[in-house]
Amino acid sequence: MLEALAEAGWEPVSFEPLAGDVSARRYGRLGLASGERRVVCSYPDDMKDVAERFLRAGDLLATVDVPTPRVDGYSLEHPVWILLEDLGPHTLFERWTRDGEASYPKASRRLVEARELIRRIQLLRPEEVRALGSPPLDRALLMAELDQTWVRFLEPRGLVSDARLAGEVRAVCAALCERLDSATPVPCHRDFMARNLMLRAPSTDSAGGTDELVLIDYQDLRLGPPCYDLASLLNDTLTLSVRERQEHLSAIREDAGLIRQYHAAAAQRTLKIVGTFAYFATVGSDRYLRLIPPALLRFLDALAALPEGRELAPRLRRAWA
């Protein structure tokens, strides 16, 4: 790949591998002969379609003014690679956790900006998002995600060994997915969270400029439930208090239907990521295991806010204590 980059005129003089999760994509930070830095993402040849979808999704997001990393070059032939601007080493999540609770007022402002990005994403034309090729987050896919959590986490840990309780959990999972599927789908990022947001420093020629929030990892752009990205943002990995979450739900608080959609999305999403984190650990990436207990707690909180889960949630809280 480095030879291919050199042939394309980029002259890399250093390469630093960057940590990833379990994707077959590989990231690295390049030092160029010019003294500039770039991030390169390389793909196996059989993931050429994913690289192409990333490029097309980025072009779509630009039409609604959603900032994404600048693409400086790419190859969709062997070896497949995309060269991106270097936004630095820290995601919004890493900045937040590094600074501790004292950073909330600053981070809260970023969450307001992130909510605006969600609003812009939903301005995309559904037919253009559908044409990218990612399957919609419909009832079948949402339920399949929960089935993975069942197989990878709930069953192995004996959390659904009681047949009656297992039946009730299955029924409430189906009800969550039915509720989410009942709403008209909208364009969504699918993994809209603080770990997929970064900051772009102001250009050197903009006096008094501020950092810009930039969205990354958007190749899975697709149609999904209207509150899915918001539920992901306010629940995935963040240690927000109830008050802090309510602050960011003010725009939909008076709409009972949207609030229930939000809680259903939060419940489905947080239970789904438990299975994702458990799977990551089986393939050698166990750094997210510590996030499973808080994710389960947020699942129970969201479930308790819904008519279909209000009675089951406290019993699960006791059974899973």
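Note that the numbering runs from 1 along the sequence shown for the chain.
- Rounding to the nearest 0.5 Å gives a distance of 10.0 Å between CG of Leu213 and CZ of Arg200.
- In summary, Arg315 and Glu311 engage in a salt bridge, as defined by a charged side-chain N under 4.0 Å from a carboxylate O.
- Panel note: side chain Thr149, backbone Val274; no donor-acceptor pair is recorded below 3.5 Å.
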Worked check of side chain to side chain contact (heavy atoms under 4.5 Å, CB included) between Leu30 and Val39: CA-CA 6 Å; Leu30 292 179; Val39 168; over 6 Å; no
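- Grouping Ile, Leu, Val, Met, Phe, Trp and Tyr residues whose side-chain heavy atoms lie under 4.5 Å apart, directly or via other members, leaves Leu297 alone, with no other cluster members.
- The two residues Leu165 and Leu316 come nearest to each other via the heavy atoms CD1-CD2, 3.7 Å.
- Between the side chain of His263 and the backbone N or O of Ala231, no donor-acceptor pair lies under 3.5 Å.
- Using a cut-off of 4.0 Å between Lys/Arg side-chain N and Asp/Glu carboxylate O, Asp65 and Arg120 are scored as not salt-bridged.
- Between atom CG of residue Leu234 and atom NE2 of residue His248 there is a gap of 7.0 Å, rounded to the nearest 0.5 Å.
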Residues Phe192, Leu230; criterion side chain to side chain contact (heavy atoms under 4.5 Å, CB included); working and verdict: CA-CA 8 Å; Phe192 197 101; Leu230 181 62; over 6 Å; no
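- Going from atom CG of Leu221 over to atom OG of Ser134 covers 7.5 Å, rounded to the nearest 0.5 Å.
- Judged by distance alone, with hydrogens and angles left aside, the side-chain atoms of Asn235 form no donor-acceptor pair with the main-chain N or O of Ala266 at under 3.5 Å.
- Between the Arg245 side chain and the Leu240 main chain, a donor and an acceptor come within less than 3.5 Å of each other.
- Leu142 CG to Gln268 CD: the interatomic distance, rounded to the nearest 0.5 Å, is 4.5 Å.
- The cationic group of Arg170 lies under 6.0 Å from the six-membered ring centre of Trp150 and within 45° of the ring axis, placing it in a cation-pi geometry.
- Between Tyr288 and Phe280, the two ring planes are tilted [angle within 30° to 60°].
- Ion pairing between Asp236 and Lys272 fails under the 4.0 Å rule for side-chain N and carboxylate O.
- Atom OG1 of residue Thr270 and atom CG of residue Leu296 lie 8.0 Å apart, to the nearest 0.5 angstrom.
- Side-chain contact check for Tyr262 and Asp255: no donor-acceptor pair (N or O, by modelled atom type) lies under 3.5 Å.
- Considering SG of Cys177 and CG of Leu146, their distance stands at 4.5 Å, rounded to 0.5 Å.
- In this structure, the side chain of Gln261 engages the main chain of Arg179 through a donor-acceptor pair within 3.5 Å.
- A salt bridge links Asp86 to Arg29: one of the charged nitrogens lies within less than 4.0 Å of a carboxylate oxygen.
- For Asp229 and Arg115, the salt-bridge test fails: no basic side-chain N is under 4.0 Å from an acidic carboxylate O.
- A salt bridge does not link Glu127 with Arg130: every distance from a Lys NZ or Arg NE/NH1/NH2 to an Asp or Glu carboxylate oxygen is 4.0 Å or more.
- No side-chain donor-acceptor contact under 3.5 Å links Ser232 to the backbone of Asp191.
- At least one donor-acceptor pair under 3.5 Å links the side chain of His189 to the backbone N or O of Asp217.
- Within 6.0 Å of CZ in Phe93 there are more than 12 heavy atoms belonging to other residues, nucleotides or ligands.
- Looking at Lys48 and Glu77, a side-chain N of the basic residue comes within less than 4.0 Å of a carboxylate O on the acidic one, giving a salt bridge.
- Judged purely by atom type and a 3.5 angstrom limit, Trp81 has no side-chain atom pairing as donor or acceptor with the backbone of Val40.
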Side chain to side chain contact (heavy atoms under 4.5 Å, CB included) evaluation trace for Arg110 with Leu199: CA-CA 10 Å; Arg110 296 301 183 186; Leu199 295 178; 3.7 Å; yes
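- For Arg53 (side chain) and Gln219 (main-chain N/O), a donor-acceptor pair under 3.5 Å exists by modelled atom type.
- Under the 3.5 Å distance criterion, the side-chain polar atoms of Arg222 are matched with a main-chain donor or acceptor of Pro135.
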